Each structure stands twice: as structure tokens, then as C-alpha cells.
Amino acid sequence: MIGLPRPIRVAVLAVAVLGGGCRRPAVERAEGEFLAMGGIPIRVIAYDVDPAGFERFVSDYRVEVQRLEALLSVHRMRSVISRLNASAGRPFPLDAEVAGLLRESLALAAETGGAFDPTVGPLAAAWKEAARAGAPPAAEALADARRSVGWALRSEEHT
């Protein structure tokens with residue numbers, strides 16, 4: 001399982017923990033929900049699972065989502081990603097987990113031909129500011145943002 005992407009590993013683990021071999025009677029459908037990332041509902045649904053095992057899994061899953069959000073959220077000023085972005089290209093120490101997640105995000109960008117681009121933040125910020133102002137972003141603001149965006153450039157810098 002080590003070579004599999006993390007979401008697949010989590011799903012396989014969930015099946016192993018929640019699926020076969022339960023001693024207690026399983027419920028036909030179990031559902032759990034929690035809020036993450038500023039209020040986005042996360043819904044977990046499983047079938048034919050032990051209710052207590054399912055509740056533990058949802059609780060553990062919520063804790064993991066919160067842990068990753070604390071590391072990776074651009075909306076939390078103390079997150080590793082926010083501090084990395086604030087370093088403005090200066091050397092910044094990263095632990096192995098965050099460095100690995102950044103490498104995975106660049107690999108996903110390459111696999112999708114840039115449809116997923118982890119460097120799009122400056123463009124998103126320009127458009128958010130424009131939405132607040134009620135007008136499209138100025139050409140200069142977009143040009144400045146575009147100079148900071150580009151997964152392929154970032155990928156080449158770190159290979």
C-alpha cells in the first residue's frame with residue numbers, strides 16, 4: 001500500500017477496519033458528517049459496517065482532516081503553507097511530510113496537464129480582491145499574479 005496515493009490508502013484502511021470480520025451485527029448504512037475547511041461539510045457513508053467502528057473511523061478521519069488543514073491551509077496564517085508563501089522564495093525548512101505532499105501536488109499537476117495547479121493562489125487572490133471591489137482585476141494585477149503562477153516552473157526548480 002505504500003506506493004498508493006494517500007486517499008486510496010485511507011479508503012483501503014477504512015474497508016479493512018470497517019468491513020469484513022466484524023463480530024457485532026453490522027448496520028446496512030452508516031453516515032457521519034463533520035465540518036472542515038471553514039464550514040465545508042464532509043460526509044462519510046459506509047455500508048455493512050460495525051457502528052462503533054464506523055464512529056471511531058469518522059472521528060479519526062475528522063482529526064486527520066483537521067491536522068492536514070492546520071499544515072496546508074492558506075487561510076491560516078500560522079500554517080506551514082502560509083509561512084512558506086510568506087517566505088517569498090527565501091529558503092524555508094520543510095518537514096518530510098509537507099515536502100512529500102508538495103511533490104505529490106506537482107506530480108498531480110503534471111498528470112492533469114495543469115488542470116490542477118497548486119501554484120494558482122496569486123491568481124485566485126487577484127480575482128477575490130476584484131470580486132470585493134466589484135470590478136474585474138486590473139491588467140497589471142493579473143500580469144503580476146501570472147508571474148508567480150506555473151506548476152511546470154516550480155516543478156523544474158525542485159527536480
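Being a predicted model, the structure only gives us computed values, none of them experimental.
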Evaluate the side-chain proximity of [Y] to [X]: yes if any heavy-atom separation is below 4.5 Å, no if none is.
X    : Y   : value
L101 : L68 : yes
I42  : Y61 : yes
V44  : F54 : yes

With sequence neighbours left out, what residues match [X] under side chain to side chain contact (heavy atoms under 4.5 Å, CB included)?
X    : answer
A99  : L94, R103
P122 : A145, S148, V149
P41  : E33, L35
S59  : R62

Compare every heavy atom of [Y] with every heavy atom of [X], then report the nearest pair and how far apart it is.
X    : Y    : value
L142 : A126 : CD2-CB, 4.4 Å
V65  : A36  : CG1-CB, 3.7 Å
A30  : V49  : CB-CG2, 3.7 Å
W127 : P137 : CZ3-CD, 3.2 Å

Who pairs with [X] by side chain to side chain donor-acceptor pair (under 3.5 Å), at least two apart in sequence or on another chain?
X    : answer
R29  : E31, Y47
S87  : none
S73  : none
D144 : R147

Any chance you could measure F34, atom CZ, to R43, atom CZ, to the nearest 0.5 Å?
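One finds 12.0 Å between CZ of F34 and CZ of R43.
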State the CG-CE distance between N85 and M77, to the nearest 0.5 angstrom.
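Between atom CG of N85 and atom CE of M77 there are 8.5 Å.
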Would you list the atom pairs, donor with acceptor, under 3.5 Å between side chains in residues 106-116 and any protein atom, with sequence neighbours excluded?
residue, atom, partner, partner atom, Å
T112, OG1, L108, O, 3.0
T112, OG1, A109, O, 3.2
T112, OG1, A115, N, 3.3
T112, OG1, F116, N, 3.0

Quick one: salt bridge (Lys or Arg N to Asp or Glu O under 4.0 Å) pairs with a partner in residues 119-141, sequence neighbours left out?
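Passing the test, one end in residues 119-141: E129-R132.
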Salt bridge (Lys or Arg N to Asp or Glu O under 4.0 Å) pairs, two or more places apart, involving residues 76-86:
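Passing the test, one end in residues 76-86: E69-R76.
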Apply the side-chain contact (heavy atoms from CB on, under 4.5 Å) test between E97 and each candidate in V80, L71, L102; give the one that qualifies.
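Among the candidates, only L71 passes.
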Just by distance, do the side chain of S79 and the backbone of L72 share a donor-acceptor pair under 3.5 Å?
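A pair under 3.5 Å: no.
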Under the salt bridge (Lys or Arg N to Asp or Glu O under 4.0 Å) test, residues paired with R90 that sit two or more places apart
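Counting only residues at least two positions away or on another chain, R90 forms no salt bridge (Lys or Arg N to Asp or Glu O under 4.0 Å).
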In this structure, would V58 and V63 fall into the same cluster of hydrophobic residues linked by side-chain contacts under 4.5 Å?
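V58 does not cluster with V63.
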